[in-house]
Every structure is written in C-alpha cells, then in structure tokens.
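Just below is one structure, and these are the notes that go with it.
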Amino acid sequence: MLRFIFYRLLGAIPVVGLVSIAVFLFLRMAGDPVASLLGENATAQQVAEIRHAMGLDRPVMMQFLSWILHVFQGDFGISLVTHEPVWKMVSERLGATLSLSLTTIVFSILVAVPLGLFAARHRKNWIDRLIVSFCTAGFSVPTFVVGYLLVWLFSIKLQWLPAQGYASLDRGVGDWILHLIAPTIAMSSVFIVLIARITRAGAIEVLNEDYIRTARAIGASELRVFRLFVLRNAAVPIVTIIGVGIGIVLTGVVVTETVFNLPGVGRLTIESVLARDFPVIQCVIMLFSFTYVFINLAVDIIYSLLDPRIRN
C-alpha cells in the first residue's frame with residue numbers, strides 16, 4: 001500500500017511541474033500587464049521603469065525560475081493593484097470558498113447516492129423515469145440560472161434566506177449555514193445529477209450479478225443487499241465521478257460567488273482577471289490546479305482501498 005502511494009506521489013510531481021510552466025507561460029502570452037496597469041497615457045519610459053522594477057525585462061526562463069523559487073518559499077509576489085502580498089489576499093478569501101465547497105460536496109453526496117440507488121431499486125417504473133427526467137433537467141440548467149431563481153424565490157419572495165453575503169463561523173453556526181444554503185443548492189445542482197446518474201448505472205450493473213441473486217435467495221433484506229453488496233461494488237465509478245465533480249465545484253465557485261456576492265477566491269479571480277492582476281491570477285490558478293491534482297491522488301488511494309487489485 002505504501003509503495004502504491006509513493007509511486008502515485010511520484011507521478012504527481014511532473015504534473016505539478018507542467019501545470020506551473022503552463023500557468024506561467026499562458027499568462028505571459030496574454031499581454032503586457034504593466035501597459036494595461038498604467039493605461040494608454042503612460043510613456044514608454046514609465047512602462048520600462050516598472051517592467052525593470054518587476055523583473056519583466058529579464059529572459060522568460062529567468063523570470064520563471066525566480067517565480068517558482070519564491071513560490072516554494074510561500075511567496076506568490078505582490079498584487080499589481082492593491083500592492084498587498086498575494087498569498088495574504090488569497091488566504092483571507094479561502095474561508096468562504098472552502099465553506100461553500102465542503103457544504104456542496106457533502107450535500108451532493110448525501111442527496112445523489114441515495115437518489116441513484118433508489119432509482120436503480122425501482123428501475124423501469126415511474127419512479128426511475130421521474131428521477132432520470134429530473135437529472136436530465138438539472139444538467140440542462142446553468143448554475144447561475146439556478147442561483148438567480150433561488151434568490152428570487154427564497155430571498156425576495158419568501159424572505160427566508162439572505163440574498164447575498166457570507167457569515168463566518170465566528171458569527172455562529174446558524175448564521176453561517178443560513179448564508180450558505182442557497183449557494184450550496186445552486187452549486188450542487190449539476191454535481192448531484194452527475195453522481196446520481198453514475199450511481200444508478202453502477203447499481204443496475206451490480207444488481208444483475210449472480211451474487212446479488214444468491215444474497216436474496218438466502219434471505220438477505222434489500223437494505224442489507226444494497227448496503228453490503230450493491231454500494232460497495234458500485235463504489236469505484238461513484239468515487240471517480242465524485243473526484244471529477246470536485247473539479248466542477250472548483251470552477252463553479254467563480255460563478256456562484258459572483259451571483260451571491262461571496263467574498264471568496266472565485267470572486268477574487270474575476271476581479272483579478274478584469275484588473276489584469278497577473279500575480280493574483282497565477283496564485284489562484286496554481287491553488288486550484290494543485291488541489292485538483294491531489295484530489296485525483298486521493299481518489300487513486302481510495303480506489304486501492306476499495307479494490308486491492310488496482311495496486312498491482
């Protein structure tokens with residue numbers, strides 16, 4: 001097991017390296033951030049002075065090596081707009097993003113897995129068709145549309161939930177949850193559909209196996225059959241889609257935080273892109289990329305626990 005984890009960690013290193021190079025080069029190819037920052041009225045001398053102060057007049061390879069060495073020391077540079085340390089800006093926004101991401105993932109799994117299993121249990125009847133139709137409709141509606149509908153219904157019409165903003169845990173668990181209900185439901189809409197459909201498909205495949213008929217023949221209850229046999233043997237595709245779906249959550253926070261005015265990393269990304277604040281953009285993309293790489297690593301490890309044959 002330890003050897004398997006070691007080789008997976010070893011395989012993640014070149015991926016992280018390639019991601020770092022791609023992020024750095026693509027942002028350099030997007031244009032000159034100094035000219036964009038100073039505006040059209042800036043003189044060539046002013047642009048040259050700022051570029052020299054920021055080290056942008058050096059060869060690209062030297063810029064990359066300097067940047068990556070600072071990243072390994074936890075220094076992501078200084079914002080071009082606010083002149084604050086980039087990591088300080090990002091860390092201040094991580095609370096809202098982590099809260100929204102965690103509630104979305106937990107809520108989606110708790111709803112989608114039982115929904116998929118329930119559809120598989122009642123396959124080919126009206127319950128199954130209703131769940132499949134719900135999943136198709138849910139996958140067709142964009143997250144921001146769901147978000148605005150939730151704001152209109154629960155915040156404006158019913159006035160049950162706050163329309164915007166975020167409350168940290170320091171203000172109490174109740175207030176924290178209240179501000180996250182609508183954003184969580186909006187972001188979960190696509191995630192639930194993905195997990196439910198894969199769970200249904202995997203469960204139906206397992207239900208056709210001989211050992212399921214044997215378990216039922218010896219008197220095992222349906223709850224026991226689904227808990228011990230169906231869910232366990234259908235777990236690998238479910239874990240796969242959960243890992244893929246977390247990538248959707250990471251990209252979805254950008255839209256959801258904008259709709260609900262949450263002070264998170266996603267909203268910071270939009271603000272930084274509009275301001276051409278490339279040190280902040282680099283940090284956020286690296287953070288999301290590294291998170292996704294290590295999520296895939298965690299999924300591989302979970303695979304090996306569910307099915308020891310994968311370690312070979």
Side-chain angles (χ1 to χ4, degrees), residues 90-119 122 126-200 238 241-242 245-271 274 284 288 291:
V90 173
S91 60
E92 288 174 349
R93 307 263 193 138
L94 273 177
T97 299
L98 287 175
S99 297
L100 179 58
S101 300
L102 288 174
T103 54
T104 298
I105 293 166
V106 172
F107 176 73
S108 299
I109 293 172
L110 291 178
V111 172
V113 173
L115 194 66
L117 293 175
F118 191 67
H122 299 278
W126 68 270
I127 295 176
D128 183 32
R129 287 193 291 271
L130 181 64
I131 293 174
V132 170
S133 300
F134 164 76
C135 290
T136 303
F139 199 73
S140 305
V141 182
T143 302
F144 71 89
V145 173
V146 176
Y148 285 126
L149 288 174
L150 291 172
V151 169
W152 174 78
L153 178 60
F154 292 106
S155 301
I156 297 175
K157 289 294 182 181
L158 301 177
Q159 297 185 355
W160 290 353
L161 300 173
Q164 293 182 330
Y166 170 74
S168 65
L169 279 169
D170 298 338
R171 292 171 54 180
V173 176
D175 207 16
W176 176 74
I177 292 175
L178 201 64
H179 281 80
L180 287 173
I181 290 175
T184 297
I185 295 173
M187 260 214 336
S188 299
S189 57
V190 175
F191 200 18
I192 288 173
V193 168
L194 285 173
I195 300 174
R197 296 197 66 154
I198 295 298
T199 302
R200 175 185 176 275
I238 295 172
I241 201 62
I242 289 173
I246 291 175
I248 297 174
V249 170
L250 293 177
T251 55
V253 294
V254 177
V255 175
T256 308
E257 288 179 1
T258 303
V259 171
F260 290 95
N261 197 26
L262 298 178
V265 177
R267 189 174 165 203
L268 177 64
T269 304
I270 295 292
E271 294 170 355
L274 293 176
V284 171
F288 283 168
T291 302

Going through the checks in order, is the side chain to side chain contact (heavy atoms under 4.5 Å, CB included) test met by Val253 and Val265?
CA-CA 8 Å; Val253 294; Val265 177; over 6 Å; no

First locate atom CD of Glu92, then atom CG of Leu94, and finally report the distance between them rounded to the nearest 0.5 Å.
10.0 Å

Just grab all the side chain to side chain donor-acceptor pair (under 3.5 Å) pairs involving residues 141-152, residues at least two apart or on different chains.
none

Exercise: identify the closest heavy-atom pair between Tyr166 and Ala96
CZ-CA, 3.7 Å

Would you please name every residue forming a side-chain hydrogen bond (donor to acceptor under 3.5 Å, both in side chains) with Asn261, sequence neighbours left out?
Arg267

Among all residues two or more places apart in sequence or in another chain, which pass the side-chain hydrogen bond (donor to acceptor under 3.5 Å, both in side chains) test with Thr97?
Glu257

Side-chain donor-acceptor pairs of residues 105-118 under 3.5 Å, sequence neighbours excluded:
{"from": "Ser108", "atom 1": "OG", "to": "Thr104", "atom 2": "O", "distance (Å)": "2.6"}
{"from": "Ser108", "atom 1": "OG", "to": "Ser188", "atom 2": "OG", "distance (Å)": "3.2"}

Would you list the pairs meeting salt bridge (Lys or Arg N to Asp or Glu O under 4.0 Å) in which at least one residue belongs to residues 93-115, sequence neighbours left out?
Arg93-Glu271

Going by heavy atoms in the side chains, are Leu100 and Met187 under 4.5 Å from each other?
yes

Kindly give the heavy-atom pair with the smallest separation between Ala167 and His179, and that separation in Å.
CB-ND1, 3.6 Å

Report the residue from Ile181, Thr184, Leu98 that forms a side-chain contact (heavy atoms from CB on, under 4.5 Å) with Thr103.
Thr184

Just verifying a value: how many Å separate Leu149 CG and Ile185 CD1, rounded to the nearest 0.5 Å?
12.0 Å

Would you say that Ile131 contacts Ile127 through its side chain, given a criterion of any heavy-atom pair below 4.5 Å between the two side chains?
yes

Determine the minimum heavy-atom distance between Ser189 and Ala186, stating which atoms define it.
OG-O, 2.8 Å

Counterpart residues, side chain to side chain contact (heavy atoms under 4.5 Å, CB included), relative to Val151 (two or more places apart):
Ser155, Ile156, Ala163, Phe260

Interatomic distance, Ile192 atom CD1 to Ile195 atom CD1 [nearest 0.5 angstrom]
7.5 Å

Rounded distance [0.5 Å steps], CG in Leu180 versus CG in Leu262
7.0 Å

For the CG atom of Leu158 and the CG atom of Leu153, what is their distance to the nearest 0.5 Å?
4.5 Å

